[in-house]
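See below for the structure under consideration.
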Amino acid sequence: MTARELLKIVVVGHVDHGKSTIIGRLLYDTKSVPEAAIERVKRICKEKGRPFEYAYLLDALEEEQKQGITIDTTQIKFSTPKRDYLIIDAPGHKEFLKNMISGAANAEAALLVIDAAEGVQEQSKRHAYILSLLGIQKVYVIVNKMDMIGFSEEKFKEIKYEISSFLDKLNVYPQKYIPVSAFLGENITRKSDKMPWYKGEPLLEALDLFEKDKELEDKPLRFPIQDVYKFDQRRIIAGRLESGRLKAGDEIKILPEGKVSKVKSIEFWPENNNKNEVMAGMSVGITIEDEFFNKRGEIIVHKDDNTLYVSDTFRANLFWLGKKNLVRNKTYKLKLVTQETECEIISIDKVIDATTLETIENANEVRTNDVAEVTIKTKEKICFDEFKANSSTGRFVLVDGYDVSGGGIVSGLADLKEEVT
Ligand code: GDP
């Protein structure tokens with residue numbers, strides 16, 4: 001049985017613009033909530049003398065799931081014939097940012113919800129900025145509450161223009177703008193006859209058109225060395241394949257130095273593996289033809305792959321959790337897969353308060369729970385990818401003294417003149 005494809009999405013936007021209602025509608029219309037949760041919402045709405053509130057389904061679902069014993073966080077899931085969807089819950093933006101940057105949550109695509117009557121608000125802008133900060137490029141703008149503007153095409157066009165002009169500045173380029181009324185279910189799972197001028201797909205169909213990222217095993221090989229063991233006369237290189245595939249006979253290159261060799265054998269295998277190839281996620285041991293001195297922290301790639309950066313300077317977006325503020329020109333330890341080196345922050349370019357998402361002007365340090373765009377210089381050259389290209393080798397942690405104090409994602413090279421292997 002092959003596992004079904006799963007796409008993780010996050011729904012962002014100004015409070016009250018309809019995020020929960022959209023999610024509730026998607027769940028309800030795809031029959032993804034148990035009957036008991038629907039009954040609970042019906043009862044609450046009746047008591048309050050209000051129409052059925054789809055947004056309440058999320059709370060009711062949480063209640064239902066709490067009664068189970070195995071689930072400890074609410075799993076908001078629904079399916080189409082094509083694949084499964086998981087909505088990454090963003091209870092507080094601080095948690096969301098922390099989880100995204102640390103790798104605990106990994107949303108691939110986003111819906112930015114804008115109220116048609118209210119238009120773009122400050123929070124819509126901040127959320128759009130967060131998407132760009134996290135490198136989420138798959139974005140649809142959902143213009144909700146179209147019923148409040150008489151389903152007008154003219155007004156929709158005005159809003160679309162307003163939104164796209166500010167998103168352009170952030171380098172966020174939504175693939176679609178979808179006019180909906182979540183409340184009435186227009187253009188959510190069925191095409192609306194109230195907006196015949198809209199020629200695109202309803203939201204649920206459009207979701208299926210998000211192209212999924214390549215699976216890690218289909219990306220270039222990244223095999224960071226964890227340890228080298230001497231075993232009889234053999235030197236066994238052990239580690240975990242972060243991405244790609246590897247087999248005996250493959251020509252390889254060991255970075256940062258660029259030594260070239262060939263895989264002689266795969267010596268120890270993950271259990272239950274009877275193929276002659278190992279792939280992303282597996283811990284393995286290999287021997288190579290040349291007796292180089294290899295050490296922890298080096299990264300093995302395929303010989304002709306020139307995509308892994310080797311540099312001592314890069315730009316990053318980081319989330320700071322340290323007890324002491326992050327400052328420039330102080331030595332921290334940086335860990336990126338199995339690499340460890342000292343580093344300094346050489347510039348702090350932008351700091352955002354993760355709770356309010358407000359930009360802090362002229363900040364020259366980063367406080368606990370702030371997010372920052374920085375440039376980092378490492379003592380020794382290290383190997384890395386942009387987070388967009390590879391989430392494992394594009395993510396790092398910073399250690400202050402003995403405490404893990406921050407996590408970050410690589411947004412790019414600091415200087416385009418930097419060498420690429
Ligand atoms: P959130 O804070 O972004 O999650 O917003 P909610 O989903 O809680 O919605 C806020 C309010 O807007 C609720 O009272 C909803 O009933 C209402 N609402 C949501 N979608 C629509 C819509 O399409 N049309 C109208 N008229 N009201 C809506």
Side-chain angles (χ1 to χ4, degrees), residues 9-30 32-33 37-38 40-63 74 76 78 85-96 107 110-131 139-153 155-156 159-160 163 174 176-195 197-198 200 202-204 206-207 355-357:
I9 48 180
V10 62
V11 184
V12 297
H14 192 77
V15 63
D16 277 349
H17 280 196
K19 298 177 293 295
S20 315
T21 309
I22 290 172
I23 298 169
R25 255 295 171 184
L26 285 168
L27 296 177
Y28 184 85
D29 289 357
T30 54
S32 311
V33 266
I38 297 172
R40 192 191 289 265
V41 174
K42 276 190 188 153
R43 202 172 54 239
I44 294 171
C45 292
K46 200 171 160 201
E47 277 165 20
K48 291 191 178 172
R50 329 177 38 152
F52 189 82
E53 272 283 357
Y54 290 89
Y56 292 176
L57 277 174
L58 301 190
D59 296 332
L61 189 64
E62 195 174 346
E63 277 302 312
T74 315
I76 305 176
F78 59 91
Y85 291 90
L86 179 69
I87 307 245
I88 304 268
D89 200 12
H93 303 292
K94 196 169 89 187
E95 287 303 308
F96 170 65
L111 304 179
L112 174 62
V113 179
I114 313 270
D115 182 320
E118 282 197 5
V120 175
Q121 300 290 309
E122 200 52 39
Q123 210 178 16
S124 329
K125 293 188 185 177
R126 288 186 200 142
H127 287 187
Y129 168 69
I130 292 301
L131 299 181
V139 181
Y140 292 164
V141 172
I142 311 301
V143 180
N144 187 32
K145 307 198 190 182
M146 285 298 293
D147 53 295
M148 293 183 74
I149 57 163
F151 299 105
S152 154
E153 180 179 14
K155 287 194 183 139
F156 173 73
I159 293 168
K160 185 174 165 185
I163 302 168
K176 288 181 190 297
Y177 288 80
I178 309 178
V180 309
S181 166
F183 194 66
L184 300 174
E186 304 291 337
N187 278 343
I188 300 285
T189 53
R190 61 172 171 81
K191 203 159 164 43
S192 169
D193 52 15
K194 299 210 168 58
M195 294 174 270
W197 46 265
Y198 172 68
L203 174 59
L204 188 67
L207 287 178
T355 310
T356 61
L357 297 183

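Whatever order the structure lists them in is the order used to number ligands and atoms, beginning at 1.
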Mind checking what makes salt bridge (charged side-chain N to carboxylate O under 4.0 Å, His left out) contact with Asp147, not counting sequence neighbours?
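So Asp147 forms no salt bridge (charged side-chain N to carboxylate O under 4.0 Å, His left out) with any residue.
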With the side chain counted from C-beta on, respond yes when Leu27 and Leu58 share a heavy-atom pair under 4.5 Å apart, and no when they do not.
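Leu27 reaches Leu58 side chain to side chain.
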Name the residues in contact with ligand 1, where contact means a heavy atom under 4.0 Å away: which are they?
His14, Val15, Asp16, His17, Gly18, Lys19, Ser20, Thr21, Glu53, Ala55, Asn144, Lys145, Asp147, Met148, Ser181, Ala182, Phe183
Determine the interplanar angle of the Phe78 and Tyr85 rings, folded into 0 to 90°, and report it as parallel if under 30°, tilted if 30 to 60°, perpendicular if over 60°.
parallel
Partners passing side-chain hydrogen bond (donor to acceptor under 3.5 Å, both in side chains) against Tyr54 (at least two apart in sequence or in another chain):
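Counting only residues at least two positions away or on another chain, Tyr54 forms a side-chain hydrogen bond (donor to acceptor under 3.5 Å, both in side chains) with Arg25.
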What pairs with Lys145 under side-chain hydrogen bond (donor to acceptor under 3.5 Å, both in side chains), at least two apart in sequence or on another chain?
Asp115
When you compare the side chains of Ser181 and Glu186, does any donor N or O come within less than 3.5 Å of an acceptor on the partner?
no
